[in-house]
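Beneath this line is the structure, given in structure tokens, with notes to follow.
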Number of protein chains: 2
Amino acid sequence: MTDDFSLGAVETALSPLERFEEYLQTKGKRITQPRRRIVEEVFRQHDHFDADQLMASIAKSPGIEKVSRPTVYRALEVLVEAGLLRKMGLGGRAVYEHDYGYPQHDHMHCQACNQLIEFHSDDIQRIRDAVGRQHQFRVTGHLLIINGVCRDCMRKQQRQRGDRLDRI
Amino acid sequence: MTDDFSLGAVETALSPLERFEEYLQTKGKRITQPRRRIVEEVFRQHDHFDADQLMASIAKSPGIEKVSRPTVYRALEVLVEAGLLRKMGLGGRAVYEHDYGYPQHDHMHCQACNQLIEFHSDDIQRIRDAVGRQHQFRVTGHLLIINGVCRDCMRKQQRQRGDRLDRI
DNA sequence: ATTTATGCAAATCCTTTGCAAATCT
DNA sequence: AGATTTGCAAAGGATTTGCATAAAT
């Protein structure tokens, strides 16, 4: 997978931080310490998170100084503008995930444990674009969340049902 | 289309209000004036709305007394439980739409005028269920919103670009 | 030096809750 | 009568804003 023409290689040419700095420069915005801390923490690992979780993980990272809540929110907004993060509303609050150097995917949301499970489907994208064409709607993206109960939680529920029956 | 076995005929056998009253009875809940007003206003026409808009439209309906905000929220919750309404988070606030006697559909959301445009696709449902099966995820529903710019807003944007050029 | 970003405190928005009075069954 | 529902006022949680200070260009 060292093909220079592979999408992955092109998209990941710059690190998230480099890509972000590039964006900031083109917009006349500034590369500050808080912003650097935030980007580093955000891309330390791939995971979904909200503003609170991000604040918390920055706060408890050893050596990294904390960042105020407004600054976190403001930085997240810029990161979305920059195309580094994707934002989605989930049960009241905003949840963010990587949108840079990470393959297109959608989510299943477990209504029992609140977990987000990623999956990929080329078909979705195809249908999405076809629908847009039919309605003369310029598609820029989509949000698909499949609701239900994940495998683990289904097992737990089955156990509970079993327990109940045992007691009768 | 007077086929007794058609889904449409079966699903729409009861009016929304009747269906709601039925639900309330089975749950030992009560059929009150505020609830009746809310259901009537909600199903007066098919449209997406939020709690505020509903409050407002009830308030300005002649002859219909206003309903308090908490009551509106509480009634909407029950209507969702009852399967009469579907709730979706959109840009911070909750938006509701008919889910009774109304065919399955998804939405395109125009980021310019904030309008929701409905569309239908059997494929989406098929893919959704297939994905669930693959991941041993029990699917209960989904939310699909295609983001972009609607036809009308695209025209407006083109006009503006044209104007700008004219001035040069 | 100038402009933008930060942090604090307070505000805002949407939604929910506690509780006494009103309304159903 | 007895239970649920309403409306009010107030609380709550997430996110945003005004403004003086700090940091970046």
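Below, each value reflects all heavy atoms present in this structure, side chains not excepted, and no hydrogens, waters or symmetry copies. Letters go in sequence order (proteins before strands), and every chain restarts at 1.
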I want to confirm an ordering. Mapping B:Ile31 and A:Thr32 to their closest nucleotides on DNA chain C, which one lands closer to the 5' end? A:Thr32
Atom [atom1] of [X] to atom [atom2] of [N]: distance rounded to whole Å?
X       : N      : atom1 : atom2 : value
B:Met55 : C:dC13 : CE    : P     : 14 Å
A:Lys27 : D:dT25 : NZ    : C1'   : 19 Å
B:Leu54 : C:dC14 : CG    : C1'   : 15 Å
A:Glu77 : C:dT4  : CD    : C1'   : 15 Å
B:Phe49 : C:dT15 : CZ    : P     : 12 Å
A:Gln25 : C:dT4  : CD    : C1'   : 15 Å
A:Phe20 : D:dA24 : CZ    : C1'   : 14 Å

Regarding A:Arg36 and A:Glu21, does a basic nitrogen lie under 4.0 Å from an acidic carboxylate oxygen?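 So A:Arg36 pairs with A:Glu21 through a salt bridge.
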Any Lys/Arg nitrogen of A:Arg44 or A:Glu41 sitting under 4.0 Å from an Asp/Glu carboxylate oxygen of the other?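 Here A:Arg44 pairs with A:Glu41 in a salt bridge, since their nearest N and O are under 4.0 Å apart.
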Counting only side-chain N and O atoms of B:Thr71, is one of them less than 4.0 Å from OP1 or OP2 of D:dG7? yes
Measure from the side-chain heavy atoms of [X] and tell me the nearest of [options].
X       : options               : answer
B:Asp52 : C:dC14, C:dA5, D:dT17 : C:dC14
B:Ala51 : D:dT6, C:dT15, D:dC8  : C:dT15
A:Tyr73 : D:dT15, D:dT6, C:dC8  : D:dT15
B:Gln33 : D:dT15, C:dC24, C:dT6 : C:dC24

Pair B:His107-B:Glu97, side-chain donor/acceptor within less than 3.5 Å: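 Yes, because at least one side-chain N or O of B:His107 sits under 3.5 Å from a partner of the opposite role on B:Glu97.
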Across the strands shown, which category fits [X] at heavy-atom distances under 4.0 angstrom: base, sugar-phosphate, nothing?
X       : value
A:Arg69 : base
A:Pro34 : sugar-phosphate
A:Arg74 : base

Check for me whether the distance between the ring centres of B:His105 and B:Tyr102 falls short of 6.0 Å.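 Yes.
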Could one point to a donor on the side chain of A:Arg30 or the base of C:dT3 with an acceptor on the other under 3.5 Å away?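 Answer yes: a donor N or O sits under 3.5 Å from an acceptor.
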With under 30° as parallel and over 60° as perpendicular, where do the rings of B:Tyr96 and B:Phe49 fit, or are they tilted in between?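 Parallel: the ring planes of B:Tyr96 and B:Phe49 meet at under 30°.
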